Amino acid sequence: MTSSPPSIIAMTTHSLETLELAVSCAASSSVEEAVRQQATAYCEQVRRAPDGWAHALRLFEATKQPLPKFYALSTLQEFLGGRRGSDAELREAARDEVRAVVLGWLDKSAETIGQEESYIRTKLGVVVALLIKSDYPERWSGAFDDLLALLSRGPHMIDFFFRVLHAVDEEIVSFHADRDAREIEHNVVIKDTMRASSCVRDVCAAV
């Protein structure tokens, strides 16, 4: 008879190892139902914590496993999509940190990103698009230049760039009636800036 894993919920610190284990257990059909429920509750607890984005960001950097990486990116997507917090200054500082880590990861992984699962690359593209949506052009004026600079690193980065563009079309270019006036207004600013600069021309030339 095998012993059950230690209670995940009883652990009070959001260590990367604990969080990675919890995500894996929550998605596994081979662990006991009680353990899976504990793991699911723990993952949701971290996701909804005020600093859940930070734990997700560290997990994204550290894990080699696809499911924990997807969980981390999904949590970042929710944070960047506006569900987290109301302190604008804190959110700006947090977005700066997310952007720095994501760009660093892309630079380091440019030659190997094709080894990631397709759904990981798609979700990462959404996260990058949400960073653009939040901070271009005011806080990240070189967003498209930074991404275009990675295209020379190989065909897998070109594939990823298309995933970002698809997410940009969905999040910024396409009209959705359920968006509030502030979101629509800033999307217009983004599109006007892209047209007024060399951005559209550079992107078309690159692809």
Side-chain angles (χ1 to χ4, degrees), residues 8 14 16-31 36-37 39-49 52-84 94-95 97-136 143-144 146-148 150-151 153-174 176 178 203 206-207:
I8 295 172
H14 299 317
L16 293 181
E17 295 81 3
T18 300
L19 185 53
E20 186 175 39
L21 173 63
V23 174
S24 299
C25 286
S28 175
S29 60
S30 62
V31 301
R36 189 160 64 247
Q37 289 180 358
T40 300
Y42 182 84
C43 292
E44 189 61 21
Q45 173 188 325
V46 174
R47 185 193 296 274
R48 294 188 176 278
W53 66 270
H55 298 293
L57 188 62
R58 300 283 86 79
L59 180 63
F60 168 72
E61 279 189 292
T63 187
K64 304 297 184 185
Q65 303 301 316
L67 288 179
K69 191 169 291 182
F70 185 78
Y71 164 86
L73 290 170
S74 298
T75 301
L76 292 174
Q77 178 185 357
E78 290 188 7
F79 168 72
L80 294 169
R83 206 189 78 179
R84 295 288 177 264
R95 291 199 308 270
E97 185 174 352
V98 173
R99 183 168 73 244
V101 169
V102 168
L103 289 179
W105 186 92
L106 286 171
D107 181 62
K108 181 178 65 177
S109 307
E111 283 79 23
T112 59
I113 192 172
Q115 299 173 15
E116 300 288 344
E117 298 286 349
S118 178
Y119 62 85
I120 298 292
R121 287 175 278 148
T122 296
K123 185 65 73 174
L124 183 56
V126 172
V127 167
V128 172
L130 288 173
L131 286 167
I132 293 171
K133 182 176 183 175
S134 297
D135 291 343
Y136 180 85
F144 292 96
D146 290 343
L147 294 172
L148 288 168
L150 293 170
L151 295 185
R153 304 285 293 278
H156 295 304
M157 279 306 305
I158 297 173
D159 170 82
F160 174 71
F161 186 63
F162 274 110
R163 293 171 194 262
V164 174
L165 292 181
H166 179 78
V168 165
D169 180 71
E170 176 65 23
E171 292 290 340
I172 299 169
V173 178
S174 298
H176 291 276
D178 60 343
V203 169
V207 299

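All values reported here derive from a predicted model rather than from experimental measurement.
Side-chain contact between L124 and W105 is present, with heavy atoms from C-beta onward closer than 4.5 Å. Using a 4.5 Å cut-off on side-chain heavy atoms (C-beta onward), D107 and L103 make no contact. Contact check for L80 versus W53: no side-chain heavy atoms found under the 4.5 Å cut-off. When side chains are defined from C-beta on, Y71 does not count as touching E20, because their heavy atoms never get closer than 4.5 Å. Residues Q65 and L67 are not in side-chain contact: their nearest non-hydrogen atoms beyond the backbone lie 4.5 Å or more apart. L165 is listed as a side-chain neighbour of F161, based on a closest heavy-atom distance under 4.5 Å. With contacts defined as side-chain heavy-atom distances shorter than 4.5 Å, the pair S74/K123 qualifies. A 4.5 Å side-chain heavy-atom check between L59 and V46 finds every atom pair outside the cut-off.
Rounded to the nearest 0.5 angstrom, K133 NZ and I172 CD1 are separated by 7.0 Å. L130 contributes atom CG, which lies 4.5 Å from atom CD of E171 (distance to the nearest 0.5 angstrom). With rounding to the nearest 0.5 angstrom, the CE atom of M157 is 10.5 Å from the OG1 atom of T112. Distance check: E116 CD to T122 OG1 gives 12.0 Å after rounding to the nearest 0.5 Å. With rounding to the nearest 0.5 Å, the separation of CG in L150 from CD in E111 is 9.5 Å. The distance from atom CZ of R95 to atom CG of D135, rounded to the nearest 0.5 Å, is 4.0 Å.
Nearest heavy atoms, F160 versus G125: CE1-N, 3.5 Å. Closest approach of C25 to V31, counting heavy atoms only: O-CG2, 3.5 Å. When all heavy atoms of A39 and A26 are compared, the closest pair comes out as CB-N, 3.6 Å. Contact detail for A62 and L16: the closest heavy-atom pair is CB-CD1, 3.8 Å.
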Next on the checklist: Under the criterion salt bridge (charged side-chain N to carboxylate O under 4.0 Å, His left out), I'd like the reasoning laid out for E97 against R58: C-alpha separation, chi angles, the key distance, then a yes or no.
Outcome noted: CA-CA 11 Å; E97 185 174 352; R58 300 283 86 79; 3.0 Å; yes
Next on the checklist: I'd like to know whether L73 forms a side chain to side chain contact (heavy atoms under 4.5 Å, CB included) with V126, so could you lay out the CA-CA distance, the side-chain angles of the two residues, the decisive distance to 0.1 Å, and finally the verdict.
Outcome noted: CA-CA 9 Å; L73 290 170; V126 172; over 6 Å; no
Checklist entry - Could you walk me through whether V127 and F60 pass the side chain to side chain contact (heavy atoms under 4.5 Å, CB included) check? => result CA-CA 12 Å; V127 167; F60 168 72; over 6 Å; no
Item to check | Chi angles and distances behind the side chain to side chain contact (heavy atoms under 4.5 Å, CB included) call for L131, Y136 | outcome: CA-CA 8 Å; L131 286 167; Y136 180 85; over 6 Å; no
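Between F70 and Y119, the ring-plane angle classifies as perpendicular under the 30° and 60° cut-offs.
Side-chain atoms of R153 do not come within 3.5 Å of backbone N or O of L106 as any donor-acceptor pair. Of the possible donor and acceptor atoms, none in the side chain of K69 sits under 3.5 Å from a partner among the backbone N and O of I120. The closest donor-acceptor contact from the side chain of R36 to the backbone of S28 lies under 3.5 Å.
Side-chain contact check for H176 and E170: at least one donor-acceptor pair (N or O, by modelled atom type) lies under 3.5 Å.
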